[in-house]
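All chains are named by letter (A, B, ...) in the order of the sequence lines, taking the proteins before the strands, and each is independently numbered beginning at 1.
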Amino acid sequence: MDPYIAGVLLGLVLLASFYLTGRGLGASGATRSIVVSGVSAIAPNHAENSEYFKKYLHDESPMKSWLVLEIAGVIIGGFLSGAWAGRLKLKVEHSPKITSRRRIMLASAGGLLFGFGSQLGRGCTSGAALTGMATLSLAGFVTMLAIFGTAFALAYFFRKNWI
Amino acid sequence: MGPIVPLFNVSNEINLLFAFIIGLGFGFVLEQAGFSSSRKLAGMFYGYDITVLKVFFTAAITGMLGLIFLNFMGLIDLDIIYINEYYITSSIIGGIIMGAGFIIGGFCPGTSFTAAAIGKIDAMWFVAGSIAGIFLFGEIYPLLESIYMSNYEGAVKISNILGIRDGYFALLLIIVASIMFWIGELAEKKFKREDISKEI
Amino acid sequence: MNTRIIISIIMISLGSIAAMLPKTKNSSIQLKADELLREMKRQTYVISADELADLLINQDPSILLIDVRDSVDYAQYHLPGAINIPLKELLDPEWAPYVDQISQKNIFYSNGTTLSSEAWILTKQIGFRNNYILGGGLNKWFSTIIKPEFPATSAPSETWALYETRKAASQYFTGSKAADKEENAVILPPIPRKKKTRVQGGCS
Amino acid sequence: MKHIYIISLGGLILLMGMFFIVVTIQSNNHFKFKKTAREMLLDVTTPDHYISFDQVRESLNSPGKYKLIDLRTPKEFVGSHIEGAINIPFDRILDEAHEPIFKEDLPKILYGESPVTANAAWMVLTQYGYENLSVLNGGISAWMNSSKSEDTLGNTGIRDEISNFDYAELLDDN
């Protein structure tokens with residue numbers, strides 16, 4: 001699909017989300033709900049008195065939150081689109097220069113950084129940057145510039161992993 | 001008259017149904033745009049494939065123009081729409097850490113779920129990593145609380161800060177985006193990577 | 001034709017239109033003159049004295065009587081369970097939880113219908129819902145419910161039936177039990193409508 | 001050649017956009033109230049817009065200096081009305097046709113079946129921006145039988161809001 005058309009479609013999905021529910025898209029919030037429900041399942045008292053997690057332990061279960069349902073939709077939507085385009089295949093995608101083991105290490109390290117950063121920045125590229133820019137919020141633009149700026153700055157040091 | 005859920009007191013279950021349907025669209029479009037491949041995502045930083053830039057900015061601009069026109073026609077009430085709160089230090093530091101995570105991991109949370117859905121094992125590891133990252137943040141939160149909460153500016157809009165109308169700022173952003181698209185396409189020709197683009 | 005140029009041209013022209021849009025403060029709830037006129041014409045907001053007597057006798061918990069006269073008249077006499085919001089304080093924020101809510105039925109009343117319909121017109125046009133008025137006010141209430149006039153002997157049976165119900169109602173309101181009705185008339189705590197608060201969202 | 005096609009596409013969108021803005025602004029401002037609810041509340045809580053029957057009777061003998069407006073339905077108007085009055089039914093007061101009448105800077109007196117409808121019309125018209133409007137302090141029926149006996153009220157209180165009973169005392173003796 002032509003990227004511009006995909007961009008317009010994504011914009012319309014974002015608009016539909018605003019019109020229907022008054023809030024934009026998000027992703028890292030769902031991962032946090034997974035973590036919160038995991039921690040409260042394994043060590044309930046620890047979750048109760050942990051400064052950060054208890055904020056998300058209000059009455060109903062953390063898994064019954066807006067973002068978790070949205071991410072469930074994302075996974076199924078992605079699967080359908082992959083199936084339709086014939087891209088369903090279990091594999092590790094990596095540049096020929098690195099081994100898949102190294103790629104997996106990098107991916108999990110990147111995930112760790114992104115998870116940590118998304119909590120600190122109150123949202124990831126879709127939650128804070130994309131939604132923030134659509135509503136013209138300053139936080140959106142600052143987060144977007146910080147994410148893309150740092151990525152561009154560090155690109156040189158990690159070029160072997162990609163090119 | 002939007003937004004529907006808050007204005008018409010729609011029940012939570014229907015709100016969650018909306019979330020699922022919106023998620024379906026979100027996931028489908030992300031995958032169709034090719035965001036399920038980390039090498040395509042990283043292409044933007046190395047110039048060989050700037051799909052991310054095109055999709056991301058076109059989506060943001062479409063959403064922005066949509067909100068402006070709907071508001072003008074009285075079909076949506078912008079006082080109720082969620083606008084991200086702006087905490088200066090945590091937005092910047094958080095963004096920097098996320099930027100590093102982006103260039104190292106190759107995904108962002110939304111795209112990692114999409115990629116994991118079509119079988120990318122590295123994306124699954126990315127999700128596992130982000131779970132660990134969030135857990136880590138939760139554990140050392142008391143140390144970071146001061147940074148997390150410092151200089152709160154409220155849900156401030158960039159057009160208010162610059163003192164111009166929303167539509168006016170949208171026009172400026174569109175012009176800047178068009179220039180970036182043009183430069184991006186030049187870069188794509190210059191840093192052409194035949195070997196990668198046929199793989200993705 | 002390269003899609004980038006098409007998309008850019010379309011977006012630039014849409015953007016320049018957006019730039020020309022005036023700053024609209026679309027208060028989504030301010031009624032226009034013709035809309036208000038239509039609402040007034042429909043008269044769906046008027047409750048008759050008989051209906052009110054019925055509601056009070058059945059102790060319908062969802063109604064709240066609001067006396068829009070000033071405090072002197074209110075102190076002299078007010079309907080059981082009524083609260084006093086003088087007309088000039090109607091739009092004060094302190095009364096907003098009572099006047100701007102969607103869970104209960106407010107019934108404005110005054111001696112006649114002038115003050116109560118003024119109160120209704122002012123609240124209706126700024127989007128407050130569930131507000132009604134007592135048709136005829138206390139004058140009508142007393143002349144029909146408290147002191148129902150004796151129908152002519154030749155009157156049809158319905159007027160007799162109506163007279164009987166009104167006589168019973170009058171007993172209810174003025175009989176021996178009337179006194180304690182004053183004290184235990186519970187005044188509903190206001191259930192404020194979740195007004196235009198910002199939706200919670202994002203990933204924070 | 002291609003570029004002209006593109007420029008015209010952009011120009012076309014621009015023109016459509018301009019037309020669309022003008023139309024929406026036009027329809028948006030149509031029938032918009034000039035005064036806010038709070039301003040109206042102040043006007044209403046200082047009820048100096050009522051005119052007593054005597055004042056109207058005096059002005060009857062100087063035609064042309066005032067305008068009487070009957071808000072009832074044409075049928076009722078034909079039945080009986082104060083002489084010299086013109087008929088604008090309540091739900092037609094905002095029609096364009098009647099705009100010149102309300103725009104005249106003559107004192108305009110509204111009356112109807114009951115002073116409540118006249119007062120309601122007065123509120124809508126005043127908030128809509130018309131000036132020099134007042135309300136007959138009583139309905140047409142009260143005016144009809146008051147013309148014989150002299151008018152006791154003057155324009156001190158709103159006739160409709162006077163309590164016909166002494167409520168408290170009435171309840172005690174029951």
Is [X] close to chain C through its backbone or its side chain, or both, or neither, when contacts mean heavy atoms under 4.5 Å?
{"X": "A:A30", "value": "neither"}
{"X": "A:S126", "value": "neither"}
{"X": "A:S28", "value": "both"}

Residues that C:L65 engages under side chain to side chain contact (heavy atoms under 4.5 Å, CB included), provided they are two or more places apart: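 Testing C:L65 for side chain to side chain contact (heavy atoms under 4.5 Å, CB included), a comparison that skips the adjacent residues, returns C:L52, C:L56, C:L79, C:A82, C:I107, C:Y109.
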C:Y45, OH: over 12 other non-hydrogen atoms inside 6.0 angstrom: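 Yes.
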Got a sec: does the CH2 of C:W160 have more than 12 other heavy atoms crowding it under 6.0 Å?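 Count over threshold, so yes.
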What's the separation between atom CD1 in C:I7 and atom OH in A:Y4, rounded to the nearest 0.5 Å?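 Going from CD1 on C:I7 over to OH on A:Y4, the span is 8.0 Å.
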